[in-house]
Amino acid sequence: QVQLVESGGGLVQHGGSLRLSCAASKPTSSDLTMGWFRQAPGKGREFVAAINWTGESQYYADSIKGRFTISRGNAKNTVHLQMNSLKPEDTAVYYCVADPPGSMYGADWYIPTEYDYWGQGTRVTVSS
């Protein structure tokens, strides 16, 4: 079972930046598709960004496009989310997700139930 460990959440002011990181805690035989969802208080889980196993393809929600950047880390099965120009509406618990490579087609990238593995979440709070 793949376990995902997130880090980097915290409190930041409107317009500030944060960098979230996620790593698979156990070695895997293949590079995973990885990404991020978020859940704000009283709302459902929302797709944020995802990246394929090679790092060549990235997918972003319209709400964060141009402000957030997803990238793969140097270590195997690590992923980062650089968040700039943060807004109060970005306040949420951010979850790292992962799935075996090659399993996503079309709209699958944006659907939370398509991802097999989830981290425990890291809280991001943006003050106004």
Approximate separation, where rounding is to 0.5 Å, of Trp53 CH2 and Asp99 CG: 14.5 Å

Tyr95 side chain reached by Leu4 side chain, heavy atoms, under 4.5 Å: no

Heavy-atom donor-acceptor pair, Ser25 side chain to Gln3 backbone, under 3.5 Å: yes

Cluster link Tyr60 to Ile51, ILVMFWY, side chain under 4.5 Å: yes

Heavy-atom donor-acceptor pair, Tyr105 side chain to Gly102 backbone, under 3.5 Å: yes

Between CD on residue Gln58 and NZ on residue Lys65, distance to nearest 0.5 Å: 11.5 Å

Carboxylate-amine/guanidinium proximity below 4.0 Å for Lys87 and Asp90: no

Within-4.5 Å side-chain heavy-atom neighbours: Cys96 and Val79: yes

Distance-minimising heavy-atom pair for Ser85 and Arg67: O-NH1, 2.9 Å

Centroid-centroid distance, Phe37 to Tyr115, less than 6.0 Å: yes

Main-chain N/O of Gly121 paired to Glu6 side chain as donor or acceptor, under 3.5 Å: yes

Shortest non-hydrogen separation from Leu81 to Ala49 and the atoms involved: CD1-CB, 4.2 Å

Ser21 side-chain N/O to His80 backbone N/O, donor-acceptor pair under 3.5 Å: no

Side-chain donor or acceptor of Arg72 paired with backbone N/O of Asn52 under 3.5 Å: yes

Any donor-acceptor pair under 3.5 Å from Asn77 side chain to Leu32 backbone: yes

Interatomic spacing from OH in Tyr117 to SG in Cys22 - rounded to 0.5 Å: 13.0 Å

Check: Ser17 main-chain N/O paired with Asn84 side-chain donor or acceptor under 3.5 Å: no

